[in-house]
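What's counted below: heavy atoms across the whole structure, side chains too, no hydrogens, waters or symmetry copies. For the single chain, residues carry numbers from 1 onward in sequence order.
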Amino acid sequence: AAVSSSSYGYFGGGSPNSDTIDRIDFSNETTSPVTATLSQGRSGLAAVSSSSYGYFGGGYTTPPQTYYDTIDRIDFSNETTSTPGNNLPQEREFLAAVSSSSYGYFGGGQNPAESPSYSDTIDRIDFSNETTSAPGNNLSQARYELAAVSSSSYGYFGGGYFSPPPTSVGTIDRLDFSNETTSPVTAILPQDRSLLAGTSSSSYGYFGGGKENATFRNTVDRIDFSNETTSVPDNNLSSFRYSFATVSSSSYGYFGGGRPASGETVDIVE
């Protein structure tokens, strides 16, 4: 999963059971490892950012298969990590997350130890005091392996995996930051897919990569925040891959890592 400050992007965790955090410098696009690590090595996590901190939540390790509700915090001012002590209300993996100026929202995911295993829940972290809660307005469809993008007013959760029957979907749900209500967007992703990643500019959100059941994707789909229509800009990722993360600067979005690529590729969307 990944978070962004105004100057850097931080990619944290991943498979197999990694606690590492890597940094990309937006000014010159150089990358380097951060000394601090996550409190637990895990993959399938999600992350949100405030102006001062990044928060990595959820995920799993294997073997044995263990699911987490842990939230780790990275301080952008000194790149130290800590655990605020307020975790997600439920343990889950392969969730997605968006941020407003005041809150971070973790949506969807799964915990195979529970029934039903797929979640439609949206959990909230309050950036002012780092408490967590469930606002009570959930996704229209329980699913995991989804991605999310955000404008200044709304968060959009797109794609994912749904069962039964087991299938990738193109659904987009909107979270209104002003009142925390959720609703499905009329437009859907041009391609049904799961294990994709999303990055945002001030005007558009971009969903890239993933796979539709057994078919890998390198496509980048775009949602226009002004009218909530979707389209395909026709500039794709450099490789077909899934299970990766994204960060955004003021000018660029960066898609980093993933499978089945080597995990060292970074793509830029301007």
Is the closest side-chain heavy-atom distance between [X] and [Y] below 4.5 Å?
| X | Y | value |
| --- | --- | --- |
| T121 | L139 | no |
| F225 | V149 | yes |
| T199 | Y252 | no |
| V232 | V220 | no |
| L195 | F244 | no |
| T182 | S140 | no |
| Y67 | R92 | no |
| D72 | T70 | yes |

*Are R42 and Y60 in a cation-pi contact, defined as NZ or CZ under 6.0 Å from the six-membered ring centre and within 45° of the axis?*
no

*Charged tip of R143 within 45° of Y118 ring normal and under 6.0 Å*: no

_Assess whether a salt bridge exists between D234 and R222, defined as any Lys/Arg side-chain N lying under 4.0 Å from an Asp/Glu carboxylate O._
no

*asked:* Looking at D221 and R193, is there a salt bridge between them, counting it only when a charged N and a carboxylate O are closer than 4.0 Å?
replied: yes

If you round to the nearest 0.5 Å, how far is [atom2] of [Y] from [atom1] of [X]?
| X | Y | atom1 | atom2 | answer |
| --- | --- | --- | --- | --- |
| E228 | D224 | CD | CG | 9.5 Å |
| Q90 | S119 | CD | OG | 4.0 Å |
| Y144 | Q110 | OH | CD | 4.5 Å |
| D173 | S183 | CG | OG | 7.5 Å |
| I21 | I74 | CD1 | CD1 | 4.5 Å |
| L45 | L38 | CG | CG | 6.5 Å |

*Run the numbers on T171 and L146 for side-chain contact (heavy atoms from CB on, under 4.5 Å), then give the verdict.*
CA-CA 10 Å; T171 307; L146 65 166; over 6 Å; no

*Is it the case that R241 and S239 place a side-chain donor and acceptor less than 3.5 Å from each other?*
yes

*Between S82 and R73, is any side-chain donor less than 3.5 angstrom from a side-chain acceptor?*
yes

*From CA spacing to verdict: side-chain contact (heavy atoms from CB on, under 4.5 Å), I172, L189*: CA-CA 7 Å; I172 300 174; L189 297 179; 3.9 Å; yes

*Consider only side-chain heavy atoms of I, L, V, M, F, W and Y, link residues closer than 4.5 Å, and tell whether V34 and V3 are in one cluster.*
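Yes, one cluster joins them.
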
Donor-acceptor check, side chain of [X] to backbone of [Y], threshold 3.5 angstrom: yes or no?
| X | Y | answer |
| --- | --- | --- |
| T167 | P165 | no |
| S49 | S4 | yes |
| D176 | T181 | no |
| N87 | I71 | yes |
| S151 | S153 | yes |
| S248 | S200 | yes |
| D192 | G170 | yes |

Nearest non-hydrogen partners of [X] and [Y], listed with the distance:
| X | Y | value |
| --- | --- | --- |
| S15 | S43 | N-CB, 3.6 Å |
| S39 | T83 | OG-CG2, 3.6 Å |
| T61 | G41 | CG2-O, 2.6 Å |
| P135 | S133 | CD-O, 3.6 Å |
| G108 | L95 | O-CB, 3.5 Å |
| G208 | L237 | C-CD1, 4.0 Å |

*Ring centroid separation for Y156 and F207, is it under 6.0 angstrom?*
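Y156 vs F207: aromatic centres not under 6.0 Å.
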
_So that I know where these two stand, are F216 and Y242 an aromatic pair - ring centroids less than 6.0 Å apart?_
yes

_With side-chain hydrogen bond (donor to acceptor under 3.5 Å, both in side chains) as the criterion, how do T62 and Q65 come out once you've worked through the C-alpha distance, each side chain's angles and the decisive distance to 0.1 Å?_
CA-CA 4 Å; T62 187; Q65 200 87 350; 3.0 Å; yes

*side-chain contact (heavy atoms from CB on, under 4.5 Å) between S117 and N111: does it pass, once the steps are laid out?*
CA-CA 5 Å; S117 62; N111 185 338; 5.9 Å; no

*Start with the C-alpha distance between Q191 and E212, add both sets of side-chain angles, then the distance that settles side-chain hydrogen bond (donor to acceptor under 3.5 Å, both in side chains), and finish with yes or no.*
CA-CA 8 Å; Q191 294 175 320; E212 181 181 359; over 6 Å; no

